[in-house]
Amino acid sequence: MSIRSTSFIMLDGQAAEAIEFYREGLNSKLLFKTTYGEGKDANGLPEEVKTRISHAVLQTGENDLMVADIFPGQPYVIGDQVNICITATQQSEIEEMFNKLSEKGQVMFPLQETEFSPCFGIVKDRFNITFQFFMNDTTSSWS
């Protein structure tokens, strides 16, 4: 059983530029990067969406920094650019944390199985902080 928290920067079309900026500025190593066009549902996407970053992971020292572009059409609110991603190896841990943070908060994406995780969800807590919950077999699948 393991839990890890990681900063997650959400941008609106500038993720590729930000990745290079942070890679150079923070002396980070790019561990993983994928675009919306590389996903399983990419065939019906407009070309300008396919080049957006759906997920990237930079390693700065011993810490990870995740960066992605929002999907076009999703609301982009100034102040919501930095999320906290909680990664855990047990679904019960994710469900418990997600449910507790949902109290007096707002579920943005209900917990469910996705293409990239058996249990993923997004909640904005009562303090207006956005948390993404991600279940993985290990706490770091990028290395």
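Index from 1, following the sequence.
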Student: Working to the nearest 0.5 angstrom, can you tell me the gap between L101 CG and T130 OG1?
Tutor: 10.5 Å
Student: Got I86 and I94 here, is their nearest side-chain heavy-atom distance under 4.5 Å?
Tutor: no
Student: Would you say NZ of K124 has more than 12 non-hydrogen atoms from neighbouring residues, nucleotides or ligands within 6.0 angstrom?
Tutor: yes
Student: Quick check on the hydrophobic clustering: are L11 and L65 connected, directly or via other members, by side-chain heavy-atom contacts under 4.5 Å?
Tutor: yes
Student: Around E24, counting heavy atoms of other residues, nucleotides and ligands shown, do more than 12 lie under 6.0 Å from its CD?
Tutor: no
Student: Are M97 and V107 in one and the same hydrophobic cluster, where Ile, Leu, Val, Met, Phe, Trp and Tyr link if side-chain heavy atoms are under 4.5 Å apart?
Tutor: yes
Student: Please identify which of these residues, F133, F98, F131, F109, meets the ring-ring contact (aromatic ring centres under 6.0 Å, His included) condition with F120.
Tutor: F109
Student: Looking at every non-hydrogen atom in both residues, tell me the closest pair between K40 and E115 and how far apart they are.
Tutor: CG-OE1, 3.2 Å
Student: Roughly how far apart are M135 CE and E95 CD, rounded to 0.5 Å?
Tutor: 9.0 Å
Student: Nearest 0.5 angstrom please: M10 CE to I53 CD1, how far?
Tutor: 12.0 Å
Student: Please tell me whether I84 and V77 are part of a single hydrophobic cluster in this structure, the criterion being side-chain heavy atoms less than 4.5 Å apart.
Tutor: no
Student: To the nearest 0.5 Å, tell me how far T87 OG1 sits from F8 CZ.
Tutor: 9.5 Å
Student: State, yes or no, whether a side-chain contact exists between E103 and R126 at a heavy-atom distance under 4.5 Å.
Tutor: no
Student: Quick check on E17: does its CD atom have over 12 non-hydrogen neighbours (other residues, nucleotides or ligands) under 6.0 Å away?
Tutor: no
Student: Donor-acceptor pair, distance only, cut-off 3.5 Å: does the side chain of T114 make one with the backbone of S117?
Tutor: yes
Student: For a quick test of reading the model, state the closest non-hydrogen atom pair linking A68 to S54 and the distance between them.
Tutor: CB-O, 3.4 Å
Student: F116, V49: one ILVMFWY side-chain cluster at the under-4.5 Å cut-off?
Tutor: no
Student: Can you tell me how far apart NZ (K100) and CG (D125) are? Round to the nearest 0.5 Å.
Tutor: 14.0 Å
Student: Please check: side-chain N/O of Y22 versus main-chain N/O of T60, any donor-acceptor pairing under 3.5 Å?
Tutor: no
Student: Heavy atoms, side chains only, cut-off 4.5 Å: are R23 and E20 in contact?
Tutor: yes
Student: Among I122, V123, N83, exactly one meets side-chain contact (heavy atoms from CB on, under 4.5 Å) together with M108. Which residue is that?
Tutor: I122
Student: Ignoring hydrogens, what is the shortest heavy-atom contact between T6 and D64? Give both atom names and the distance.
Tutor: CG2-O, 3.2 Å
Student: Counting only heavy atoms from other residues, nucleotides and ligands, does the tally under 6.0 Å from CZ of F71 exceed 12?
Tutor: yes
Student: Under 3.5 Å, is there a donor-acceptor pair between the side chain of E38 and the main chain of T35?
Tutor: yes
Student: Find the distance between CD (Q81) and CD1 (I9) and round it off to the nearest 0.5 Å.
Tutor: 9.0 Å
Student: Where do I19 and A56 come nearest, in terms of heavy atoms and distance?
Tutor: CD1-CB, 3.4 Å
Student: Please name the pair of heavy atoms, one in G13 and one in R52, separated by the smallest distance, quoted to 0.1 Å.
Tutor: N-NH1, 3.4 Å
Student: Looking at Q14 and D12, would you say the former's side chain and the latter's main chain have a donor-acceptor pair under 3.5 Å?
Tutor: yes
Student: Taking I70 as the starting point, is it possible to reach V57 by hopping between hydrophobic residues whose side chains are less than 4.5 Å apart?
Tutor: yes
